[in-house]
Amino acid sequence: MAPSTTLTRLFLAPTAAVAALIGFAAAPAQAAVWTSSEQWGNYTTDDGYILYNNIWGSGAGTQTIWADSSSSWGVTADHPDTGGIKSYPNAKKIVDKPLSSLSSLTSDYNVTVPSAGAYNTSYDIWDTDYDYEVMLWVNYNGAVGPLGTPQGTVSLGGHTWDVYKGDNGANEVFSFLRTSDSSSGTVDILPILKWIDTEGWWGDETIGDVQFGYEITSSSGGLDFVTNGFDVTSS
């Protein structure tokens with residue numbers, strides 16, 4: 001599995017937009033193709049995506065991941081109302097191409113997430129050496145925040161982001177937080193990665209994992225996070 005990142009978090013208050021855009025989800029009514037409650041449970045889909053339960057943080061509770069496909073999966077998580085990230089259940093697509101050789105890299109997402117708890121819904125994009133991590137937060141709720149210091153606001157890939165730059169001791173982290181929460185959309189990822197290059201923050205890195213999932217800090221009582229649609233395309 002790709003390495004997870006232990007982040008030092010700032011605390012951001014939830015916005016009214018979160019409650020307006022996202023609500024409680026329901027687990028599938030019938031048995032899924034795959035389920036796992038194991039800490040590192042993983043599953044490879046027919047179209048080459050890898051799903052991870054990925055309960056990696058200290059003080060975690062219980063979490064069960066289910067999947068019918070790479071574009072239809074979710075988790076039920078019951079993590080205590082304490083600080084620190086408990087898990088990042090996600091679906092991953094391996095790109096394995098140098099930035100300079102990519103002509104396109106896009107992704108679609110559609111999620112249903114709870115109005116309670118503390119979490120972010122995010123892309124986690126890595127180079128193949130795991131020296132750099134690019135996080136794209138499309139929504140977030142509760143006492144969570146990005147690593148590093150603010151670098152301003154940019155409009156890239158069809159969205160407007162607040163940008164943060166930091167280092168967790170193992171790798172550099174570039175976080176892009178969407179300025180308004182979204183439960184569905186398309187992200188043109190390549191312009192974001194090229195912008196990082198033009199800022200001089202990295203070079204012609206080989207893009208490895210493109211992950212998408214839920215970085216959960218707390219979900220007391222058991223909350224459902226559902227991916228209704230997800231794909232990554234590159235050329």
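This is a predicted model, so every value here is computed, not measured.
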**Prompt:** How are the rings of Trp161 and His159 set relative to one another: parallel (under 30°), tilted (30 to 60°) or perpendicular (over 60°)?
**Reply:** tilted
Indicate whether the side chain of [X] and that of [Y] have a donor and an acceptor atom separated by less than 3.5 Å.
X: Ser155; Y: Thr160; result: yes
X: Asp224; Y: Thr76; result: yes
X: Ser36; Y: Asn53; result: no
X: Ser220; Y: Asp81; result: no
X: Glu215; Y: Thr217; result: no

**Request:** For side-chain contact (heavy atoms from CB on, under 4.5 Å), just list the numbers for Leu51 and Asn90, CA-CA rounded to whole Å, side-chain angles, deciding distance to a tenth of an Å, and then say yes or no.
**Result:** CA-CA 6 Å; Leu51 284 92; Asn90 68 85; over 6 Å; no
**Prompt:** Does the side-chain contact (heavy atoms from CB on, under 4.5 Å) test come out yes or no for Tyr123 and Phe176, once each step is laid out?
**Reply:** CA-CA 10 Å; Tyr123 289 88; Phe176 293 71; over 6 Å; no
**Fill in**
In Asp209, Val210, Ile207, the residue satisfying side-chain contact (heavy atoms from CB on, under 4.5 Å) with Ile94 is Asp209
**Request:** Using a cut-off of 6.0 Å, state whether more than 12 heavy atoms not belonging to Gln39 lie near its atom CD.
**Result:** yes
**Prompt:** Would one find more than 12 heavy atoms of other residues, nucleotides or ligands at under 6.0 Å from atom CG of Asp204?
**Reply:** yes
**Asked** Can the positive tip of Lys93 be found less than 6.0 Å from the middle of the six-membered ring of Tyr49, inside 45° of the ring normal?
**Response** yes
**Approximate separation, where rounding is to 0.5 Å, of Ser184 OG and Tyr109 OH** = 6.5 Å
**Message:** ring pair (Phe, Tyr, Trp, His ring centres under 6.0 Å), that's the test. Do Tyr214 and Phe225 meet it? Break it down for me.
**Reply:** CA-CA 8 Å; Tyr214 311 96; Phe225 300 78; 5.4 Å; yes
Which atom pairs, donor and acceptor, lie under 3.5 Å between side-chain atoms of residues 228-235 and protein residues at least two apart or in another chain?
from, atom 1, to, atom 2, distance (Å)
Asn228, ND2, Asn110, OD1, 2.9
Asn228, ND2, Thr112, OG1, 2.9
Thr233, OG1, Thr106, OG1, 2.7
Ser235, OG, Ser103, OG, 3.0
Ser235, OG, Ser104, OG, 2.7

**Prompt:** Which atom names give the shortest non-hydrogen contact between Leu105 and Asp188, and what distance separates them?
**Reply:** O-OD1, 3.6 Å
**Message:** On a heavy-atom basis, which atom in Lys86 and which in Ser58 lie closest, and how many Å separate them?
**Reply:** CD-O, 3.4 Å
**Message:** Taking Thr149's backbone N and O only, do any of them form a donor-acceptor pair with Gln151's side chain (distance below 3.5 Å, no angle check)?
**Reply:** yes
